[in-house]
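The next block holds one structure in the form of structure tokens; read it before the comments.
Note that the numbering runs from 1 along the sequence shown for the chain. Owing to the predicted nature of the structure, the values given are computational and were not obtained by experimental measurement.
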Amino acid sequence: MSEKKEKVMVGIDLGGTGIKIGIVDLSYEMIAQTTIPTRAERPFEQVIEDMGKAVLALLEEHGYETADCLGAGVGSPGTVDSKSGVVLYSNNIRWDNVPLAKELAQYLPVPIYVNNDANCATLGETVKGAAKGCQNAIFLTLGTGVGGGVVINGTIFEGGHPGGAELGHIRIASEGRKCTCGREDCLEAYASASALIGDAKKMAEKFPDSKLWELCGHDLEQMNAKMPFDAAQAGDICGQALVEHYIQFLADGITDLANIFRPDMIVLGGGVCAQGERLTNPLNEYLRENCFGADVSYVPKVVTAKNGNDAGIIGAASLVGTAQGTQK
């Protein structure tokens, strides 16, 4: 019989290259974590077997039995049917109608809950992060694409069916930029880190005397999303134009989301958010000036995420806490 007095939960963040696994307590404090390679080119059965065995090994390593574990939550990329625990489609790991919860239960004999990874990151920032204590929040990830999630009355909002709340795919412009989803002019096509990098490369090619060339070592393939901000701070006109346009696109998208959901807070995650107030200050100013009814109603504040790479693990574990009502 286990001697552990307090129950724990497991959070699993399934990524294209790695699977991050963590054990958390009922206050969502991280007790232990590990990462294993996904190797997504293999059959899904093998990937899930590795996942389950890694969870069991981590629990055992830290003195826990499965009886001490209230359950496991999994955040998966792609379109997820959270009710059935099925990954309907994920381009990142090339999965199609994979019964993740059912398959994982063969190796991990605890209740298992599955949701989209961006939703889990949203929950992570809500239960223990920048939006802790907020009943209504939006989380927006600015990475390779633009993902995110919506929490309403303390619960993740998925829409009436799988595939809802795709925040990166609201239309915000009319330049005809192709989005990865196949549509044109989505927020993702303008406000992702990938979009900023692409714009910076084009700007550097057009203006070879700009600071951008120096920062990337005269190799456009080395360009990253930090360099335009560094160039702007150094007084480079090209860098300033890039940052100004990037923030304008992002601000338009955030203002639309604020007008639709009017959350308590809007949290930004992803590498671009390392810019901190250089990013959030102009966004907050734009919201105050352009949010519908700003003079007479609440305007949500834009902040950056606090949990970093742990948000997905913590949020996945909170699927267990939410389902079983064990949050502290």
Side-chain angles (χ1 to χ4, degrees), residues 138-148 166-259 266-292 294 299-305:
I138 288 175
F139 182 68
L140 209 60
T141 58
L142 310 174
T144 304
V146 172
E166 285 289 348
L167 306 185
H169 300 286
I170 58 173
R171 191 169 187 174
I172 62 151
S174 57
E175 293 183 7
R177 288 195 188 190
K178 197 75 171 178
C179 181
T180 57
C181 73
R183 215 165 64 125
E184 291 182 347
D185 295 322
C186 292
L187 179 62
E188 180 172 298
Y190 294 87
S192 64
S194 300
L196 178 57
I197 292 168
D199 287 345
K201 288 180 178 179
K202 291 176 183 176
M203 182 73 81
E205 284 184 315
K206 189 174 181 179
F207 299 99
D209 293 332
S210 74
K211 184 75 172 176
L212 293 165
W213 270 110
E214 178 186 334
L215 289 171
C216 70
H218 297 88
D219 181 359
L220 291 180
E221 294 308 310
Q222 300 305 311
M223 188 74 72
N224 60 46
K226 180 175 180 290
M227 292 174 184
F229 285 91
D230 290 344
Q233 193 170 37
D236 181 73
I237 296 176
C238 292
Q240 290 171 344
L242 281 168
V243 170
E244 181 180 338
H245 283 92
Y246 177 79
I247 289 177
Q248 180 66 59
F249 288 130
L250 180 57
D252 283 337
I254 286 175
T255 302
D256 287 347
L257 295 174
N259 287 340
I266 298 173
V267 183
L268 303 181
V272 177
C273 296
Q275 299 305 316
E277 292 184 348
R278 292 166 65 186
L279 181 66
T280 57
N281 281 349
L283 291 172
N284 280 308
E285 182 179 353
Y286 188 91
L287 266 180
R288 287 191 295 270
E289 294 176 353
N290 295 278
C291 202
F292 180 80
V299 177
K301 186 176 181 180
V302 181
V303 301
T304 54

Check: [Y] main-chain N/O paired with [X] side-chain donor or acceptor under 3.5 Å:
{"X": "S192", "Y": "G145", "value": "no"}
{"X": "D185", "Y": "I172", "value": "no"}
{"X": "T141", "Y": "G147", "value": "yes"}
{"X": "W213", "Y": "H218", "value": "no"}
{"X": "S210", "Y": "F207", "value": "yes"}
{"X": "R278", "Y": "F229", "value": "yes"}

Identify whether the distance between the nearest side-chain nitrogen and carboxylate oxygen of D252 and R171 falls below 4.0 Å. no
Partners passing side chain to side chain contact (heavy atoms under 4.5 Å, CB included) against [X] (at least two apart in sequence or in another chain):
{"X": "A231", "value": "K211, L212, L215, D236"}
{"X": "D209", "value": "none"}
{"X": "N290", "value": "T255, Y286"}
{"X": "E277", "value": "T280, N281"}

Would you give the length of the straight line joining atom CG of L167 to atom CD of E188, rounded to the nearest 0.5 angstrom? 11.0 Å
All ring pair (Phe, Tyr, Trp, His ring centres under 6.0 Å) counterparts of Y190, not counting sequence neighbours: F249
Are more than 12 heavy atoms, taken from residues, nucleotides or ligands other than K201, located less than 6.0 Å from that residue's NZ atom? yes
NE2 (H169) with more than 12 external heavy atoms under 6.0 Å: yes
Only counting residues at least two apart or in another chain, list the ones meeting side chain to side chain donor-acceptor pair (under 3.5 Å) with N224. none
